[in-house]
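To start, the structure under review is shown below, and the notes come after it.
Here is the naming used below: chain letters follow the sequence lines, and residue numbers restart at 1 for every chain.
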Number of protein chains: 2
Amino acid sequence: MRILIIEDDQEASAYLAKGLKEAGHNVDQAGNGTDGLFLATTERYDAMVVDRMLPGVDGLTIVQTIRGAGNTTPVLILSALGKVDDRVKGLKAGGDDYLVKPYAFAELLARIEALGRRTSASQPETRLKVEDLEMDLLARTVTRNGQDIDLQPREFRLLEYLMRHAGQVVTRTMLLENVWEYHFDPQTNLIDVHISRLRQKVDKDFDQPLIHTVRGAGYTLRAQR
Amino acid sequence: MRILIIEDDQEASAYLAKGLKEAGHNVDQAGNGTDGLFLATTERYDAMVVDRMLPGVDGLTIVQTIRGAGNTTPVLILSALGKVDDRVKGLKAGGDDYLVKPYAFAELLARIEALGRRTSASQPETRLKVEDLEMDLLARTVTRNGQDIDLQPREFRLLEYLMRHAGQVVTRTMLLENVWEYHFDPQTNLIDVHISRLRQKVDKDFDQPLIHTVRGAGYTLRAQR
DNA sequence: GGTACCCCATGCGTATTCTGATCATCGAGG
DNA sequence: CCTCGATGATCAGAATACGCATGGGGTACC
């Protein structure tokens, strides 16, 4: 599960993050409301833990804002304010759960997982991202630095494979097997041709090339050399 | 919202039901686990309040059972047991929230509504809209730019599916499964034909085409591109 | 018995993919 | 530092696969 923590208390945030990571989740942290709101709106999470009192933008405001934007990511509000009225306010603002500090980590974990359970009846990944290159698998669109890139079917599959293995060297055999479903060597420069066309579209108009040749081995998709 | 209360204490149950009804909800009550389980599995609710200690079938067992049956109705567990470990157990069993008695009714209401919000945001839609194309599912009518479009049943289902997945690429397999309920490939151009006919009606007389072919992948319904 | 709807087959036009030829680059070894 | 073989890049034409429109036959429901 991808979880976002918005909490200004460094120590509390680190503690939470550590625990959630140990439980096998992928955690992002924001130390103030502004950063939190930015991450919440630009990234996709399965659940969020939001502290109620925050410097910058207030916790409740964050929740109201993302709900207003149509984002339905489950939110657990964390607060020192434990009066019934405070809790009701937190839930009314669009929170899905409300936990009062101090809390037991085991309970927070159980609650977060209960929240995530329903939505993250985990659909497979829908978007891939490498540097400023983004691929939306559902819409079948690719953008780099916000600019649309339009690819042919095979190029799309090829790029998808490269992105799923970003940072690793991908051999020609791997590509033949997984992108072409050839279980033999066609003895042509098939792959080179497609890499070339992909480069034209993905790297040509940009400063930083992402597709790199690894002589004698294959190709790799990553930022620098 | 339709809410089911499973609680053996007559007085508590009546009090709860009264409050929820005053808040505008539709409430069913069960006084023991057996009846509760029966209602939970045979009726459809937006949320359930389940007491943990019940004569007959125990509260946690009820939750586990309905979850095991694939029912994802949000459940709030109510209990006198307030230790962290009890709460964790309740959530682990498949509960979505856990409230300890005695509780303030305002909080229970807020939590129940928070639970319901998530799913009931997905109450059956009655109209779909994509750009200037509108579909009324109840009246079974489609208009584009105010102008009536008259579709055959299959065309209607096809368009409905496309509209529900607007912006995403819809594959032939998805269409066969969901519009035709074929679980095999008919090896004909069935889909192409229907798309073609649909285009005649939906796109032909308008400037901006909405149905786009994504070669090698499927079709998509969206504005430009 | 008629009508509306749905499915299938055909042939055509075009986008996409693959091939082979040619050109460029890399790096080891003299 | 230069040469040469090996490896990779690019290009354009050929081959192919894919999607589209259309008409006809079948079927189910009035």
Side-chain angles (χ1 to χ4, degrees), chain A residues 140-142 149-162 169-206 209-221 225, chain B residues 140-142 148-162 169-206 209-222 225:
Chain A
R140 288 222 151 215
T141 54
V142 176
I149 295 180
D150 131 312
L151 298 179
Q152 294 177 347
R154 187 122 272 157
E155 290 164 1
F156 190 92
R157 287 186 67 180
L158 175 55
L159 183 58
E160 177 183 347
Y161 191 82
L162 289 172
V169 171
V170 168
T171 67
R172 279 150 202 279
T173 312
M174 286 161 73
L175 292 174
L176 284 175
E177 291 270 336
N178 297 290
V179 177
W180 274 267
E181 278 157 58
Y182 281 8
H183 301 287
F184 56 93
D185 184 345
Q187 313 270 10
T188 68
N189 61 352
L190 180 58
I191 292 178
D192 310 51
V193 171
H194 280 272
I195 288 283
S196 169
R197 313 255 259 106
L198 195 54
R199 275 183 166 143
Q200 304 279 324
K201 298 184 179 179
V202 172
D203 283 343
K204 187 75 166 295
D205 305 329
F206 300 87
L210 291 177
I211 304 174
H212 306 277
T213 308
V214 182
R215 206 152 224 271
Y219 297 92
T220 184
L221 187 75
R225 182 74 259 286
Chain B
R140 293 235 136 204
T141 54
V142 176
D148 271 21
I149 295 180
D150 159 271
L151 297 179
Q152 295 177 349
R154 184 74 60 175
E155 290 164 0
F156 190 90
R157 287 187 66 181
L158 175 56
L159 183 58
E160 177 183 346
Y161 192 80
L162 288 171
V169 171
V170 168
T171 66
R172 280 151 199 278
T173 312
M174 287 161 74
L175 292 173
L176 285 174
E177 291 268 333
N178 297 290
V179 177
W180 275 267
E181 277 155 55
Y182 281 9
H183 300 285
F184 57 93
D185 183 346
Q187 314 266 15
T188 70
N189 62 351
L190 178 57
I191 292 179
D192 310 47
V193 171
H194 281 271
I195 289 281
S196 171
R197 305 246 139 98
L198 194 54
R199 274 183 168 143
Q200 305 278 326
K201 299 184 180 179
V202 173
D203 282 342
K204 188 75 166 294
D205 305 329
F206 301 87
L210 290 178
I211 303 174
H212 306 275
T213 309
V214 183
R215 205 154 225 270
Y219 296 92
T220 185
L221 189 76
R222 65 175 143 218
R225 190 149 220 291

Exercise. Can you name the nearest heavy-atom pair linking B/Phe156 to B/Thr141, along with the distance?
Worked result: CE1-N, 4.2 Å
Exercise. Would the number of heavy atoms belonging to other residues, nucleotides or ligands and lying under 6.0 Å from CG of B/Asp150 be above 12?
Worked result: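 It does not: B/Asp150 CG has 12 such atoms or fewer within range.
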Exercise. B/Gln187 has an atom CD; how far is it from atom P of D/dC18, in whole Å?
Worked result: 12 Å
Exercise. How close or far is atom C1' of D/dA9 from atom CD of A/Gln200, stated in whole angstroms?
Worked result: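 Answer to the nearest Å: 10 Å.
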Exercise. Does any residue of residues 176-185 of chain A have a heavy atom under 4.0 Å from DNA chain C, and if so, which ones, in number order?
Worked result: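 Of all residues in residues 176-185 of chain A, the ones placing a heavy atom under 4.0 Å from DNA chain C are A/Trp180, A/Tyr182.
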Exercise. Checking all strands, does A/Phe156 fall into the base, sugar-phosphate, or nothing category for heavy-atom contacts under 4.0 angstrom?
Worked result: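 Counting heavy atoms under 4.0 Å across all strands, no contact is made by A/Phe156.
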Exercise. In a check of side chain to side chain contact (heavy atoms under 4.5 Å, CB included) between A/Arg157 and each of A/Val179, A/Asn178, A/Leu151, which one passes?
Worked result: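 Exactly one option meets the side chain to side chain contact (heavy atoms under 4.5 Å, CB included) with A/Arg157, and it is A/Val179.
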For this session: Identify which one of A/Ile149, A/Leu162, A/Leu210 satisfies the side chain to side chain contact (heavy atoms under 4.5 Å, CB included) criterion when paired with A/Leu198.
Result: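 For A/Leu198, the side chain to side chain contact (heavy atoms under 4.5 Å, CB included) check succeeds only for A/Leu162.
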For this session: Report yes if the side chains of A/Tyr219 and A/Asp192 come closer than 4.5 Å at any heavy-atom pair, otherwise no.
Result: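 Heavy-atom side-chain distance check passes, below 4.5 Å.
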Problem set entry | Estimated bend of the helix from C/dG1-D/dC30 to C/dG30-D/dC1 (axis per five terminal pairs, rounded to 10 degrees) | 30°
For this session: Using modelled atom types only, decide if a donor and an acceptor are shared between the side chain of B/Arg140 and the backbone of B/Pro153 within a distance under 3.5 Å.
Result: no
Problem set entry | Nucleic acid contacts - residues 188-199 of chain B versus DNA chain D, non-hydrogen atoms under 4.0 Å |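 When residues 188-199 of chain B is checked for heavy atoms under 4.0 Å from DNA chain D, the hits, listed by number, are B/Asn189, B/Asp192, B/Val193, B/Ser196, B/Arg197, B/Arg199.
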Exercise. Would you call B/Arg197 and B/Glu155 a salt bridge, taking side-chain N to carboxylate O under 4.0 Å as the test?
Worked result: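 Salt bridge between B/Arg197 and B/Glu155, a charged N being under 4.0 Å from a carboxylate O: no.
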For this session: Output the distance between atom CE (B/Met174) and atom CD1 (B/Ile191), rounded to the nearest 0.5 Å.
Result: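 Going from CE on B/Met174 over to CD1 on B/Ile191, the span is 11.0 Å.
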Exercise. Once you round to the nearest 0.5 Å, how far does CG of A/Leu176 lie from NE2 of A/His183?
Worked result: 10.0 Å
Seminar exercise, completed: Of the candidates D/dC20, D/dA9, C/dT16, the side chain of A/Gln152 sits closest to C/dT16
Exercise. Got a donor-acceptor pair under 3.5 Å from the side chain of B/Arg215 to the base of D/dC18?
Worked result: yes
